[in-house]
Amino acid sequence: MVTDKVTPKSKDVSGWYNDIVLRSGLADYGPAKGTMVFRPYGFAIWEKVQEVFNGVLKTKGVENAYFPMFIPYSLLETEKEHVEGFSPELAIVTIGGGEELKEKLVVRPTSETIMYSMWSKWYQSWRDFPILMNQWANVVRWEKRTYLFLRTSEFLWQEGHTAHVEHEEAKEMTLWALEQYRKLYAEHYAMYGIVGKKSKKERFAGADETYTIEFLMPDGKALQGATSHDLGQNFAKAFNFTFQSRDKDSAYPWQTSWGLSTRSLGGMILAHGDDTGLILPPKLAPVQVVIVPIIFDESESEVISYAKKIEEELVAAGLRVKLDTRDYSSGFKHNEWEMKGVPVRIEIGPKEAEQNKVLLKFRIKEGKELVDSNELTKQIENHLKTDQEQLFEKSKKFVEGNTSVVEDYEQFKEVMTNKRGFIRAFWCEDEECESKIKAETKATTRCLPLDAKKEEGKCVYCGKKADYRWYFAQAY
RNA sequence: CGGGGCGUAGCGCAGCCUGGUUAAGCGCACCUGCCUUGGGAGCAGGGGGUCGGAGGUUCAAAUCCUCUCGCCCCGACCA
């Protein structure tokens, strides 16, 4: 057991982050470079995300499937931009069963190629459309630097893929997925993000348009939370994926793909935690309520049976409850569960058992309240609801408070040197300006917000005509 | 791929410079017992190491030399 204090978040964000992820039991480093282990406490959060998002997919008629992780190199090569975009970070299998392979196998960095090559075999008629599929999978992108959850060689995600007869319908699908991510983040992760469109340079390799949701982390850097791509007919053409349309012509379908990865958990940890440790939003917390019995020899059985009764009541109300009867001191348990970010703690000792009350402690609030056990379930449910909302409000305030609107490049540079965070500035949408800004300030374009208004502006870098204010930030 | 750092018990480290009586140590964790539990308890006892690997120097190597493997951090790169 770990007994010393965690690195303060206020002092060293990444030190705090590593410390807290390891010690809270969310994850650990794997033995091979760049890999990580999702420990049960961490994986439980991801399972919750899966449960929620599977429900969302179902409402749209998206079905789950699973495609192989090994992709013949030639398949990946079929879409030129795609392979160029990914080749620096591919893991490739050259030997299998002790023999050199005739054709190298790529460990999937994403599944467009393998899925669409299969689809082209399965679907021939306009009657088969739209095709709506999702898979939960691991993907591999060879990263040189490891950061638990945020940057690992292998990570978990869901990737949704669709194919439509009409482009308009595909575009709607892309925006639908983006909106689902925004909602998932807002309502479950309790995180406020900026949704928008990526610049050409930041686009997914092989897409016509990429949409994103961007978050701001406590150190002032931006984290891409999920992406949704309008693939046009690029992959369909590359894979000769055609169908017979209603008017008898052979046609290429319009496709989309969109993904959310376990990186989102890293963002959530960074966004909400404090010097004490994790703060988990109630909807995703694996344990919502922990019960810590305060045991003295003479009252042990009485306290435990009362605690069990309380546990049963809360479980019956649909709450995720843990009764911690381990033989550690109660003070130790308090600190541990606070570090693990459990939203609500109940302390039960002889006094409470006798009076039919419990002592309530909320993770995000100072002080404890003595509560009548009849009121307990309702009080906890209310608290979890407001807790969830407050975390979101806090996140929103943070983003708003750390977004700077700048009018010229001097201001831009000054913000990047001192405050960082999001910068809203006019940009002419010329790639050269984008590259130079990045080289000089480390800031990249994050997105053009969906609700951006067209204005008469001048590019913050070159001074030429610019229509929109883009979001800039240093990316993770 | 560049720069830096580190491999000694589960984790964190000391010992290395100046080789040997410190013939492998410390803190935490772990196990047993007693005791204890209202904010990170205490006492006593105990288990656990081919000192990353290979080779060399030497009467003698965790310690010196050579090679090698691995990891971490910073940068570059990165959906």
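So you know, we letter chains A, B, ... as the sequences are listed, proteins then strands, and number each from 1.
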By the 4.0 Å heavy-atom rule, please label [X] as base, sugar-phosphate, or nothing.
X         : answer
Lys361(A) : base
Arg345(A) : base
Pro350(A) : base
Lys351(A) : base

Nearest-Å distance for atom pair [atom1]/[atom2], residues [X] and [N]:
X         : N      : atom1 : atom2 : answer
Asp327(A) : U37(B) : CG    : C1'   : 8 Å
Tyr29(A)  : G10(B) : OH    : C1'   : 18 Å
Asp28(A)  : C72(B) : CG    : C1'   : 14 Å
Lys357(A) : G38(B) : NZ    : C1'   : 17 Å
Lys442(A) : G75(B) : NZ    : P     : 6 Å

Residue pairs fulfilling salt bridge (charged side-chain N to carboxylate O under 4.0 Å, His left out) with at least one residue in residues 177-198 of chain A, sequence neighbours excluded: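 Listed by first then second residue: Glu179(A)-Arg182(A), Lys198(A)-Glu214(A).
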
Taking atom [atom1] in both [N] and [M], what distance in whole Å separates the two?
N      : M      : atom1 : answer
U8(B)  : G19(B) : P     : 23 Å
A24(B) : G70(B) : C1'   : 24 Å
G48(B) : G40(B) : C1'   : 26 Å
G49(B) : C26(B) : P     : 15 Å
U58(B) : C64(B) : C1'   : 10 Å
A62(B) : C17(B) : P     : 12 Å
C34(B) : G12(B) : P     : 34 Å
C51(B) : G46(B) : P     : 25 Å

Ring centroid separation [X] to [Y] under 6.0 Å:
X         : Y         : value
His272(A) : Tyr189(A) : no
His167(A) : Trp254(A) : yes
Tyr252(A) : Phe235(A) : no

Residue met sooner reading RNA chain B from 5', once Tyr147(A) and Thr227(A) are mapped to nucleotides: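 That would be Tyr147(A).
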
Short side-chain N/O contact from Lys438(A) to OP1 or OP2 of C78(B), under 4.0 Å: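 Checking Lys438(A) against C78(B): at least one side-chain N or O falls below 4.0 Å of OP1 or OP2.
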
N/O (side chain, Ser329(A)) to phosphate O (OP1/OP2, A41(B)) under 4.0 Å: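 Yes, such a contact exists.
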
Cation-pi geometry met for Lys333(A) and Tyr328(A) (6.0 Å, 45°):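 No, Lys333(A) and Tyr328(A) do not form such a contact.
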
